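Each remark here refers to the structure printed beneath this line.
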Amino acid sequence: MQLFLDTTDTAVLKDLAATGLVDGVTTNPTLIAKSGRNMLEVIAEICAIVEGPVSAEVASMETSGMLAEGRKLAAIAPNIVVKVPLTRDGLVAVREFYAEGIQTNVTLCFSAAQALLAAKAGASYISPFIGRLDDHGAVGMDLITEIRAIYDNYEGFDTEILAASIRTPGHVAQAAMAGCDCATIPPDVFNALFKHPLTERGLSQFMADWKGTGQSIL
Ligand code: E4P
């Protein structure tokens, strides 16, 4: 399973990329706004930090605008994935990007039917928003299970399932159990993946006992 970082914070990205466990990055207009930086500059900087896919989202609502923006974004670096909203105009743009060999991530997916259309359009990734569905009173993980079943029914569907709107380490584990190809994770949740209170407690005990032996391995 590929793990992406959902961030525009390049300092945080560099820190976590150093673990060797970050396979790619996703961004969105809200994260760009939070960074307070120029989108094209921050995306170029992210692409220089990670070799894997970096999703950069279009801002236009119409197909023609999405195509112009997406081509400009794709020219930033070879690892750019153009992120397109799951709308009719968006999926028409995805079909054209597919024909041009430009990778796409279809975002804001909230139903299995939407995911079916995205795969037919030739999306490289589909991003079901787990946390926002949970917030809405649904069970976000059920959507992942449904999409996995649909995509596995048809050999021609190559779209990867990218679990998004992840809120907890449990979401990441559940997405992996449900057969997601990737998950995009906020930095605080990524850091939480390393931790468990029993790991910390056990390590404290081991270190105290080791100190008591007076030994040294080196
Ligand atoms: C994914 O591509 C999105 O950027 C992100 O996962 C959205 O998460 P949120 O619902 O926490 O804003």
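Only a predicted model underlies this, so the values are computations on that prediction, with no experimental measurement involved. Counting starts at 1 for both ligands and their atoms, in listed order. Just so you know, residue 1 is the first one in the sequence shown, and it goes up from there.
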*Is there at least one pair of N or O atoms, one from S165 and one from ligand 1, spaced under 3.5 Å apart?*
yes
*Specify the protein heavy atom at minimum distance from atom 2 (O) of ligand 1: its residue, its atom name, and the distance to 0.1 Å.*
K83 NZ, 2.6 Å
*Could you please spell out the steps behind the side chain to side chain contact (heavy atoms under 4.5 Å, CB included) verdict for L73 and M39?*
CA-CA 10 Å; L73 293 170; M39 178 187 182; 3.7 Å; yes
*asked:* Students should be able to answer this: which protein heavy-atom is nearest to atom 12 (O) of ligand 1, and at what distance?
replied: R132 NH2, 2.8 Å
*May I ask you to list the atoms of ligand 1 that are less than 4.0 angstrom from any heavy atom of A164?*
1 (C), 6 (O)
*Does R167 come within less than 4.0 Å of ligand 1, judged by its heavy atoms?*
yes
*Distance-only polar pair, side chains of S55 and T26, donor-acceptor under 3.5 Å*: no
_Closer than 4.0 angstrom, basic N to acidic O: yes or no for D9 and R37?_
no
_Using a 3.5 Å cut-off on N or O atoms only, is N105 in polar contact with ligand 1?_
no
*Sole residue of L16, T19, V12 in side chain to side chain contact (heavy atoms under 4.5 Å, CB included) with N191*: L16
*Looking only at protein heavy atoms, identify the closest one to atom 5 (C) of ligand 1 and say how far it is in Å.*
D6 OD2, 2.8 Å
*Which residue supplies the protein heavy atom nearest to atom 4 (O) of ligand 1, what is that atom called, and how far is it?*
N28 ND2, 2.7 Å
_Does ligand 1 come near enough to T184 that some N or O of the ligand is less than 3.5 Å from an N or O of the residue?_
no
*Do S60 and E69 get their side chains close enough for a donor-acceptor pair, meaning under 3.5 Å?*
no
*Identify the closest protein heavy atom to atom 7 (C) of ligand 1: which residue and atom is it, and at what distance?*
F129 CE2, 3.6 Å
_Test log, rule side chain to side chain contact (heavy atoms under 4.5 Å, CB included), inputs C47 and I80_ = CA-CA 7 Å; C47 288; I80 284 285; 3.6 Å; yes
_Could you tell me if S165 and R167 have a donor-acceptor pair between their side chains, going purely by distance under 3.5 Å?_
yes
